[in-house]
Each structure stands twice: as C-alpha cells, then as structure tokens.
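In the text below, chain A, chain B and the rest are named by the order of the sequence lines, each starting its count at 1.
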Amino acid sequence: MGLSSASTATEAIKLCIFDLRRGQQEGQELDKILFFFPADLPFSTQLSVIGLSEGLITFTRIFSPEAACELIEAERHSHVFYEAEPDIWMVMIVEKNESEAIWRIAALQKVLKEVHSLFLMFHGSIRALLEKEPAGGLIRAHLHPFMMDYLRVTKFSACQKWSPLDNCCWDFLFGKKLLLPSFRDCLKECGTVQMLNVSREAAIEVQSLVRLLESCAGSSPCYSLILFQDLLVSTTLSPVDTINLFTYAVLRLTPRTISSGVSSWSYLRKGSTGSSVTAGYTLAHSASVPDQYYCLPDTSPSGDNNYHVVRPLKRDRWSKAKDGFLVTDIWSAEAGSSTSATPTIWLQQTEERMYLCAYQFRSLTLILVVPVASILNGEQLVSLVKQQVLENASLKMLKVEEKLSKGWGGENAYHVSGYRYLLVDVDRNVSRASPPGKVTTLTKDQVLRTVIVKGPKVGRLFPLQFSIPKVVSLACTTTANVNEVWHKKF
Amino acid sequence: MSGKASSSQSSVGLSGPGGLSHVYIQYPPLQCEISGSRGLFYDDGNKLLLSPTLDQVFSWKTMPFSPLVAPTSDTISEGPILSIRYSLDAKLIAIQRSNREIQFWHRETGETFSQSCRSESESILGFFWTDCPLCDIVFVKTSGLDLFAYNSESKSLHLVETRKLNVCWYAYTHESRLVLLASGMQCKTFNGFQLSSAGIIRLPRFEMAMAKPEANSKPVLAAEDIYIITVYGRIYCLQVDRVAMLLHSYRFYRDAVVQQGSLPIYSSRIAVSVVDNVLLVHQVDAKVIILYDIFADSRAPISAPLPLLLRGLRRFNSSASRSGREDIESSEANVVSGNETITYGDEWIFLVPDLICDVASKCLWKIHLDLEASSAIAASSSEMPSVLEFLQRRKLEANKAKQLCLAIVRTIILEHRPVPMVARAMDILVTNYSHSIKTGSYLKGIKSEKTSPSTVPHVSSPSAVAEVTASRVGALEKSVQHEFAAGVDSELFNRSSTLLSSDSEDNAISEPQKTNSSDIHFFYGKVDGENLMGAETSSTDVQPTSLQHQLLGPSNNALNANAPEQQEAQLTSPAISPDQMYSFIFAPIEEEMVGDPSYLVAIIIEFLHSANSEKVKVHPNLYVLTIQLLARYERYAELGLYVINKIVEPSKEVALQLLESGRQNIQTRKLGLDMLRQLSLHHDYVLFLVQDGYYLEALRYARKYKVNTVRPSLFLEAAFASNDSQHLAAVLRFFSDFIPGFQSTSDHNTYYRILNEMNSSIAA
C-alpha cells in the first residue's frame with residue numbers, strides 16, 4: 001500500500017467507533033459513541049462527525065443494504081467507513097494534503113479492519129461486550145485503552161523505521177498528531193503476513209518441529225505459529241487467525257520487540273532501520289490528555305471504574321523468562337491476584353478461547369495456542385505443555401534455528417537493487433516488500449510521481465504481464481495473482 | 001513343518017514345549033553314514049563333508065545345504081588318513097598320510113604323487129589349499145609355513161616360499177583366508193598370515209590375554225579355544241579364557257590387531273557359530289545360545305539366552321519317518337530317542353560357521369536363525385529401532401527380514417508410538433535403502449529375485465552366505481562377472497566395516513564365517529597325531545562370500561564349482577524402497593487409521609525428512625496421500641505451506657489431487673493450477689482453466705503456448721454458459737482466426753447461430 005504521509009494539522013486524523021443501535025432517543029446521542037480520537041474534542045464536534053457518518057450510512061443503505069457506505073471524498077477530508085460488526089461502524093477521517101497525500105482507501109480500511117481483528121482476538125466482539133453490559137461502560141473501558149495502545153504501538157514502530165534525516169519524526173514524539181506512514185517509511189500491506197523463504201530441507205525440519213509441538217499438547221487440538229525474526233515460517237492456524245496472531249507477534253513478541261525499549265531507541269538514533277513491521281499510523285500522543293480523560297491510569301486497570309481491562313497491546317510488557325518462554329503481566333489483572341496468568345485469545349475461526357504460549361530461542365519465536373480446557377485446571381495444562389515442549393522439542397528447535405539462520409540472508413535479503421516493490425498474493429494473504437531500510441532511500445520526486453500499478457483482479461488467474469527480476473520471482477511464492485506497487489528507481 | 005509341533009525341545013528347562021527359541025536346527029539332517037567309514041572330515045575350502053573308507057572317499061556338498069544330497073565318491077589308495085582336502089578347482093585330492101607326508105591324487109587320471117618333509121626335525125601340522133596367486137597349497141609345519149605351487153605339467157609341487165616360525169598349532173579358515181600360528185610356552189603368541197588372491201599379508205605378531213588361575217601357573221592356550229569368525233566382512237578372532245570365563249574378541253586389520261572387548265561366558269564348554277553375520281555363542285553346558293550382533297560397538301546380547309530348537313521332528317518317529325535315507329539304521333540311538341542327548345551332546349562338533357556335525361550319529365545339522373522369533377524376543381527387551389537395524393542387516397532371509405520390518409513399522413505406527421521413535425525407525429529404513437542402492441545390492445536383489453523364482457524352496461532354509469552371494473551374482477550374468485559383482489559387494493562390506501575403525505584391510509578380511517581348527521578331528525581310527533587333528537580337518541568350509549570372490553581375483557574360476565548353485569537367488573537385501581514404504585506401510589495404514597490424521601502426517605513428514613537427507617526419491621502417491629489427509633481435515637493452511645515450500649514435490653498426480661481437494665478450498669485449487677502451469681502441463685492447465693470458467697485466460701494461454709489439443713467446443717460452451725455475447729463472439733473469432741477450416745465445422749455453425757440469436761434478442 002502506498003500511504004503517502006504528510007505532517008498535517010493537529011486534527012489531521014479522527015477515528016471513531018459507534019453503534020447505530022444505541023442512542024436513538026433524543027438526548028441520548030452520546031450513547032452511540034464507543035470510542036473517539038482525539039478524545040479531547042468537545043462532544044459537540046464528536047457528535048457532528050458521527051451524525052454525518054450515520055446519516056450517510058442510513059442514506060446509502062437504501063440503495064445497498066448489504067454494503068452501505070465505504071467512503072466520502074470531501075474537499076478537504078476523506079471519510080473511510082468500515083462496518084466492523086453489524087451496526088457497529090468504524091470511521092476514519094483523514095485530512096487531505098494539497099501536495100503529498102495520495103491515500104489508498106483500501107489500505108485505510110485495512111487498518112480499521114486490523115484493529116478490529118486484534119480486538120476480536122483479545123476481547124471478543126464489541127457486540128458481545130455491549131450485551132454484557134448495556135450501559136456501555138465495559139466496552140468503552142476496553143476500547144479506549146486498546147485503541148490508544150494500538151495507535152501508540154504503531155507510533156513506536158513507525159518511529160523505529162523513521163530515518164533520522166526526517167526530522168519531523170521528533171514532532172511526533174511531542175506533538176499531538178496522528179500521522180500515517182508513507183511508503184517512504186515502509187511498504188506494507190495490512191492484513192497480510194510476511195513469509196520467510198525456506199529451502200525444502202529446512203521446511204521439512206520445521207514441519208517436523210510443528211508436529212512435535214502439536215504432540216506436546218497431548219490429545220487436545222493445539223495450533224502453532226513459528227516466526228523467524230519478523231517473518232512467518234509456519235502456521236497451522238486458519239488464515240484469519242494467522243494474520244491476527246502474526247500481527248500481534250510482530251508488534252509484541254518478536255526478539256526485537258522483546259528487547260527493551262531503550263535499545264530500540266538507539267536503533268532510531270543510529271538510523272538503522274527496524275523491521276518490516278506493520279505501520280498503521282503514527283500517533284503523537286502526549287501523556288497529558290486522554291488517559292486521564294478516560295480515567296485509565298497507565299499501569300493498572302483499577303482506576304475509578306471497576307473494570308478489569310487487559311491491555312495486550314501495551315508496550316514492553318513481555319519479557320523472556322529464563323526457560324525461554326515469554327511472560328507478561330498483562331493478563332494477571334484478569335485473574336485478580338496471580339502474578340502471571342497465562343494470556344488467552346479468541347480464535348476467530350473456531351470461536352474458541354485459547355491459551356497463548358510463546359517460546360523464544362534466538363531468532364525463533366514459537367507460539368503455541370492451546371485450548372482453554374473445559375476441565376478445571378487450564379493453568380496446569382499449560383505448564384505441562386511448556387514442560388513437554390522443553391523436554392521434547394528443545395533439540396529440534398536448536399536444529400531448526402540453525403537451519404533457518406543459515407538460509408537467512410539478513411534484513412536486506414529480499415532487496416532488489418534498483419527497485420522498491422510490494423508484492424501481494426491476495427489469495428494467500430502474503431506480501432513481501434522492499435526492506436524498510438531501502439525504502440527510505442527513495443527521493444521525494446520519485447515518491448510523488450509514483451504510479452500505483454494495480455494488478456489483476458482477485459480471483460482471476462493471469463500470467464504476470466511484466467517480467468520480474470529473478471530474485472523477486474524467487475521471493476514471491478506465487479507469481480500469479482499479484483497486486484503490485486512497483487517503483488522504479490532511476 | 002511346524003516348528004512348534006516338534007517335541008524336540010532339549011531338556012533345557014528354560015522353555016516348555018513350543019517355548020521360545022531364536023535358533024533352530026531343521027530336521028532331517030544330512031546323513032553321512034557310510035559303511036567302513038574311517039572318520040569324517042570337513043573341507044572348508046570346497047564346503048565338502050568327507051568320509052573316507054578304505055579305498056574310497058565320499059563327499060557331500062554342504063553348500064547349499066540339503067539333507068537329500070547324494071555323496072560322490074573318489075577312489076583312493078589305502079593308508080592312514082590324518083586329513084583330507086580337495087583342491088579348490090576340485091581336480092586334486094590331498095591326503096595327509098602322516099606327519100611327514102602328504103599324498104596327492106589327480107581325480108581324473110588317478111595319478112598320485114607325494115610331498116614330504118625334508119628334515120627330520122619338523123613335522124606337518126596340516127595343510128590347506130589357497131587361491132593366493134603365489135601358491136596353491138600351504139603346509140603348516142612345526143617349523144613354519146611352506147608355500148607350494150602346483151605344476152600341472154609336471155604334476156608336482158615346487159616350493160615357492162618358506163616362512164620360518166615356531167608353530168605349536170594353527171588355525172585356519174578358508175573364508176577368512178587367515179592362518180593363525182600359535183607359538184610360545186603358553187601358545188598365546190600369534191603370527192598371522194592372510195593368503196588371499198590379493199597376495200600374502202603378514203599380520204603383526206600379537207599376544208592373547210589369558211588370566212592366570214594362580215600366581216605361578218601358566219595356562220596353555222589350546223587350539224580349541226580359538227575361533228576365527230567373519231562377521232559383516234570383518235575378521236575377528238575369539239579366544240576363550242577359561243579362567244576368567246570370558247570370550248575375548250580381536251579384530252584384524254591389515255596392520256594391526258585390536259582387542260575389541262570381551263563377552264561373558266557361562267559354560268566351561270562353548271562353541272561359536274555365525275549365521276547371517278549374527279554371532280551365536282553356544283553355552284554348551286547350559287545348552288543355551290546367546291546371540292550377538294557385533295556390528296555396533298555394543299557388546300550387549302541381542303536377547304536372552306535361549307535353547308536350541310530342533311524343528312520338524314515328530315516325537316515318535318523312528319527310522320520310518322526318515323524314509324529317504326536307507327543308510328541310517330543307527331538312527332534311533334541318538335537322533336530320535338533321546339532328545340536330550342541330542343542337543344549339545346558330547347559328539348557334537350561345531351563346524352564354523354553354521355554347521356553341527358554329530359559324529360556319533362553321522363549326521364550334519366545346519367543352524368538356522370529364526371528371525372521372526374528373535375526379533376520378537378529382541379523387541380521385548382530392546383528398542384524397536386534397534387530391532388529394525390538388526391533385521392536390516394540380515395541377508396540370508398532378506399525377504400523375511402523385510403516383511404518383518406514392514407510389519408514392525410506398521411505396528412508401531414498403528415499403535416501411535418511416540419513420533420521420535422517412529423522417526424528413528426524411518427531413518428533406519430531409508431538409510432539402509434539408500435545404502436543398498438549405492439552399493440547396488442538392492443537392484444540386483446530385485447533382479448535376481450525375478451530371474452530365479454525356482455529357487456524359492458531353497459530360500460526358506462537359510463542356506464548360507466554363498467547363496468546370498470550367488471543371488472547377487474545371479475543378477476548379473478555368469479561367472480565371468482563374478483568378480484565384478486563380488487567387488488561391488490565387498491565394497492558394501494568394506495563400507496560397513498569402516499564403521500568400526502581404520503580398517504585398512506578390506507580385502508584381507510573377507511571371510512564370512514569361521515572355522516576352527518579343532519573342529520573336526522574325529523576319526524574312528526585314532527590317529528595318533530599330535531596336533532594334527534586340530535588343524536586339518538577342521539577348517540569348516542563355507543561358501544565364499546562375495547568378498548571372497550573378490551579376493552579370488554581373476555583366478556577365481558576355481559570356485560566355479562559353486563557358481564551354478566550360486567545362481568539361485570532371492571531377495572538379497574531387506575532394504576525397503578520408498579515405493580514399498582508407500583504401498584506396504586502408508587497406504588494400508590491410512591485405510592486402517594481413524595480420526596485425526598496429524599499423527600500420520602507427522603510420520604510422513606519424518607519419512608520425508610529421512611528421505612530428503614538421504615536424497616531418496618519419494619513416490620508421488622505419498623504426496624497425494626498427504627494432501628488427501630490434510631484436505632480431509634481441512635488443514636488447508638498447512639497444505640499450502642507444504643506445497644509452497646515444496647515439501648510436497650510437484651508432479652502431475654499432486655497437482656490433480658490439489659485440484660480435486662481444492663473443490664472445497666479455492667486457494668488449494670489455485671495451488672494445483674499453478675503447479676500444472678509450472679510443470680508445463682499446458683493441456684491440462686488450459687482444460688482446468690476452461691472448466692473453472694476462465695475461458696478467456698485459457699485462450700490467451702493456449703495461444704501463447706500453442707496448445708491446440710483442447711477442443712474448441714469446450715471454450716465455446718463455457719463462453720455460452722457465461723451468457724455474454726461479446727465473449728462468445730470473441731471466442732468464435734479466435735477460433736476462426738487461428739484454426740484453419742474452423743468455419744466449416746459444426747461447432748462454428750452451432751455457435752454462430754446461437755450468437756446471432758443472442759444478439760437479436762438483445763436488439764429486440
């Protein structure tokens with residue numbers, strides 16, 4: 001996706017989530033609002049944004065009940081709509097920039113979709129939370145920290161990627177602006193995973209490890225996800241869950257993110273580039289405003305309200321234990337007292353609640369997803385699984401890590417000199433892009449004159465009409481069905 | 001013959017009737033009763049059992065072993081016989097008449113000549129024929145070795161070389177071509193020579209270890225306590241230490257003799273046999289056998305001590321049941337009546353490698369290994385993979401070993417044994433297969449199996465190494481190629497032998513089985529010889545293994561006698577090819593298995609892992625099976641990874657299965673289509689595109705790759721089905737333009753009319 005960014009005015013971006021089924025009575029309009037960013041906007045402004053959106057949705061539904069409004073292009077703003085759940089809408093309003101911004105609407109929608117998917121994974125559906133507590137306090141208590149964490153997440157990762165030459169990056173840190181990254185920062189398609197190329201030999205080794213891991217959970221059906229650095233190596237999850245978990249892992253679980261934030265900053269200063277990580281958008285978020293506003297202290301969820309809110313996206317909360325497993329205190333709030341409760345997630349495919357165990361060995365990250373058994377002692381099951389993994393799979397993991405490291409060409413392995421590219425295999429939700437470090441070397445002119453070459457339609461099979469340099473054709477797993485953004489350097 | 005039915009269990013209390021036993025002898029034995037016999041001799045160079053009478057010598061072939069073989073006879077002159085051996089080309093008979101003289105017979109002409117010691121002080125301990133290029137026969141004397149060449153012109157021997165040494169007694173086996181000469185006060189200092197077709201190799205002098213019963217006594221090592229055995233092409237010497245109750249083993253290399261550790265013994269009298277490279281240590285007093293597989297470093301027995309089983313003997317049978325052989329009247333004495341006296345009776349002489357001669361009843365037994373039982377027994381005590389390893393090393397009953405391996409693997413998979421364990425099993429099988437492919441024994445085995453179905457009966461009896469060799473050879477053509485074949489095989493052995501250590505001397509160490517000097521000195525007439533007995537008679541002859549062929553070198557025509565038999569063949573290697581793995585393991589198991597396929601997939605992955613590391617190709621059907629399994633349980637994510645990472649190797653079968661399985665999952669179907677395209681199966685690719693409704697793409701593709709085998713009507717139908725007149729027109733136009741004469745076909749006419757109707761209806 002080519003998101004062209006620009007430093008814009010304070011209110012460059014607004015983001016809101018609202019429920020059409022609520023607040024239909026006169027005077028109760030505020031009920032509709034589940035989340036609004038920036039939160040310190042006056043309610044009247046918030047309501048007017050939502051009112052406009054609601055009006056448009058209602059109007060367009062007359063013609064297209066199934067898929068109502070997708071986009072409003074106003075003179076100075078674009079309104080991007082996404083119906084996350086029936087009658088629950090997410091709307092993002094982006095200010096248009098005279099010179100630079102060419103937003104790809106689909107990309108913005110994917111950002112909204114990504115947030116929602118992650119929310120689903122950790123908290124279940126918004127509707128369910130609403131039904132749990134119709135007053136709406138619960139969902140707001142969940143949504144706000146979650147969204148803010150998400151925005152902060154992406155700010156952070158975007159900063160990592162930012163070249164020090166771009167002095168505007170410092171603006172983010174202290175200003176209050178939400179910025180979308182441009183493809184000067186990175187090339188990235190939301191809702192896709194980046195895969196590691198592996199040789200057949202290594203792939204067999206990996207699969208053998210996968211089987212071993214599965215057997216560790218005994219009879220219960222368990223899934224696994226294996227990452228090398230920031231790249232996916234293997235998954236047994238369904239595509240949608242894979243994407244969610246992969247996104248989360250890249251944000252929070254990979255070796256780079258596990259290492260403390262301090263070292264990440266040094267990354268930034270050296271100008272070395274971070275991962276090909278997600279870049280939602282960038283939030284400049286001063287500590288002063290919103291958390292107070294929503295009565296959510298940073299550290300514990302026990303503020304004024306009594307909701308126990310788990311904040312899985314919170315930064316720097318995962319650490320590597322001595323035994324190699326990743327631990328966090330994020331979930332401990334849920335259990336009330338215990339210090340390290342096992343993280344749980346919801347699988348979208350099966351709608352099952354699962355324990356999340358992550359193990360890290362050098363660059364290798366294994367994520368095991370074990371069902372929360374109906375049997376009483378889930379925690380014991382998890383520790384049993386962990387023990388099994390350590391006992392049975394350690395050797396194999398060592399082997400796999402070795403093999404993968406040998407075959408891994410480094411951060412810039414997939415760089416094609418002279419090209420900036422983003423390959424997307426729509427069928428498999430797999431993408432590959434020029435390494436972020438190389439992306440930033442594009443000059444401004446090139447960026448501006450970029451033509452986004454749209455690939456063939458999804459679902460059709462065409463041979464590619466242009467020739468791909470050999471390296472790339474090795475890199476991309478399927479050559480057909482590729483949407484392309486293809487930048488040619490002079 | 002049901003082995004179980006036999007009542008014959010020896011008295012050994014360990015087992016009840018039908019009890020466990022891993023080694024058996026098969027009734028009936030070879031009867032070698034000749035009236036007037038003056039003793040039994042075993043000529044291990046030619047594998048003949050010899051029984052001289054006053055003026056004749058009868059000989060029975062023991063290779064291949066058959067109880068029904070009839071003796072041949074040669075006339076000889078009267079006189080004492082200390083030992084007797086046929087020359088390797090079977091033209092001469094050499095008879096030691098005294099400790100000073102050996103007499104030679106020319107079998108065709110009946111001419112004779114003699115060779116005797118020159119000096120008074122020395123005496124002949126024994127002699128043996130050799131295929132060494134330098135000489136034809138070697139005399140072992142108290143003063144050393146005399147090497148003679150036979151001159152067929154002058155019909156005489158001339159001395160080629162003399163090796164001066166003091167010799168107390170000696171041991172020689174033809175299969176090892178190794179002669180060990182004992183010297184010293186305790187007879188524990190040894191000089192060794194190997195006289196192979198490659199020449200003469202002198203081994204370094206070495207001493208054997210002997211424990212002292214008390215401080216000052218010096219036990220003397222006897223010839224009976226030394227066994228030369230050949231296992232997996234390596235030559236070992238086993239030495240009984242009666243004081244320490246240990247069986248020391250020494251391995252011979254070209255330039256070194258290395259002690260290899262010791263086995264405990266539990267009987268004052270022991271005997272050693274080698275069957276199919278398995279070492280059998282008979283604890284004679286206890287009447288049990290302990291099996292060792294001296295392949296790896298482990299000296300642990302394969303299984304617990306178990307008695308020898310006599311198979312096929314009905315309890316009450318007397319001579320009647322032995323109908324075939326009239327010449328045995330004395331039978332009741334031993335064989336039939338007292339089973340107890342039979343097994344491990346005092347009259348039993350163990351001929352290495354695998355024969356037992358019962359001197360009293362004049363019969364010869366062959367020792368067999370019961371693979372089924374021994375693997376079952378071993379399985380109970382040790383790990384499955386090591387049992388598989390053991391089975392994979394068996395050559396004699398390769399087919400049986402193979403079947404057992406298959407059964408074992410099937411069982412462990414069906415029992416859902418832990419994956420790592422099954423993985424090891426897979427690894428063993430695949431490694432073995434790739435090894436046998438490299439050495440060629442696998443293919444040869446297959447061929448010979450086909451070419452000689454008639455030999456099947458033989459097969460059932462483990463008939464000794466020779467047969468194995470033979471079968472390999474049989475695959476090739478004739479004796480001409482023996483050497484070549486043998487060479488290959490020996491290579492195989494050599495490789496395996498390198499496992500143990502710097503085995504410098506492959507050629508040298510070639511014998512598969514061992515003979516022991518002391519084995520057959522049983523004469524009626526007491527020969528008063530000093531040590532003679534030991535030496536001569538003894539060397540049990542076993543058929544040369546392939547190694548020997550090689551050793552024989554160009555001159556090995558001498559072995560031709562054996563060659564015809566050797567043609568009989570059978571599967572020579574228990575190696576299991578990936579195809580067989582599929583059809584005998586995975587396919588049947590897939591049918592039997594119910595429930596979650598992930599276990600089976602895990603096993604398949606492990607199998608692919610092994611196959612990949614050995615670079616062995618896997619049957620495409622296995623990939624098809626994998627896809628079916630994954631698709632059946634809707635694990636499309638993994639399926640996709642497998643295909644993309646090429647774990648499942650592309651092939652047409654795989655592509656079609658992907659298309660089939662992809663009916664439920666569009667991504668999988670696309671993988672199949674892509675695979676078709678990548679394999680350049682243009683016709684199929686176009687066909688499937690059309691089927692899926694992408695007829696325009698299909699046309700484009702067809703044009704680009706000049707695919708003209710797909711019927712135009714298919715495209716037209718698809719275009720018509722899409723109900724788009726423009727597309728239909730385009731397709732029609734395409735064919736009109738690019739297929740000459742298309743306009744006159746009925747297809748064209750039909751669809752042209754349809755197109756017109758469509759257009760008119762729109763216009764209307």
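Annotation: residues 598-606 of chain B contacts chain A through Ser598(B), Val601(B), Ala602(B), Ile605(B), Glu606(B) [non-hydrogen atoms, separation under 4.5 Å].
The neighbour count for Glu352(A) CD, taken as heavy atoms of other residues, nucleotides or ligands under 6.0 Å away, is above 12. The number of heavy-atom neighbours closer than 6.0 Å to CG of Leu395(A), taken from other residues, nucleotides and ligands shown, is 12 or below. Heavy-atom neighbours of Lys113(A) NZ from other residues, nucleotides or ligands within 6.0 Å: at or below the threshold of 12. Summarising the local packing, CD of Glu351(A) is surrounded by 12 or fewer heavy atoms from other residues, nucleotides or ligands at distances under 6.0 Å. Annotation: Phe720(B), atom CZ; neighbour count of heavy atoms from other residues, nucleotides and ligands within 6.0 Å does not exceed 12. For CZ of Arg711(B), the number of neighbouring non-hydrogen atoms (other residues, nucleotides, ligands) closer than 6.0 Å is 12 at most.
Heavy atoms only, all atoms of each residue included: Ser234(A) and Leu641(B) are closest at CA-CD1, 3.6 Å.
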Checking side chain to side chain contact (heavy atoms under 4.5 Å, CB included) for the pair Ile647(B)/Gln207(A): CA distance, chi angles, key distance, verdict? CA-CA 9 Å; Ile647(B) 293 177; Gln207(A) 286 307 322; 3.3 Å; yes
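Only the side chain of Leu212(A) comes within contact range of chain B, with heavy atoms under 4.5 Å apart. Glu214(A) touches chain B through its side chain: at least one heavy atom from C-beta onward sits under 4.5 Å away, while N, CA, C and O do not. For a residue to count as touching a neighbouring chain, one of its non-hydrogen atoms must lie under 4.5 Å from one of that chain's; by this rule Pro418(B) does not touch chain A.
Side-chain contact between Ser208(A) and Leu608(B) is absent, with no heavy atoms from C-beta onward closer than 4.5 Å.
Note that CD of Glu638(B) and OH of Tyr223(A) are 9.5 Å apart. Values are rounded to the nearest 0.5 Å. Between the CD1 atom of Ile204(A) and the OH atom of Tyr642(B) there is a distance of 10.0 Å, given to the nearest 0.5 Å. To the nearest 0.5 Å, atom CD of residue Gln667(B) and atom CG of residue Asp425(A) are 8.5 Å apart. Within the model, atoms CZ of Arg200(A) and CD of Glu649(B) stand 4.0 Å from one another, a figure rounded to the nearest 0.5 Å.
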Let me have the donor-acceptor pairs involving side chains of residues 358-367 of chain A, under 3.5 Å, with sequence neighbours excluded, atom names and distances please.
{"unit_1": "Gln360(A)", "atom_1": "NE2", "unit_2": "Leu253(A)", "atom_2": "O", "d": "2.7"}
{"unit_1": "Gln360(A)", "atom_1": "NE2", "unit_2": "Thr365(A)", "atom_2": "OG1", "d": "3.0"}

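Ranked by non-hydrogen atom pairs under 4.5 Å with chain B, the options Thr235(A), Asn392(A), Val206(A), Val233(A) are led by Thr235(A).
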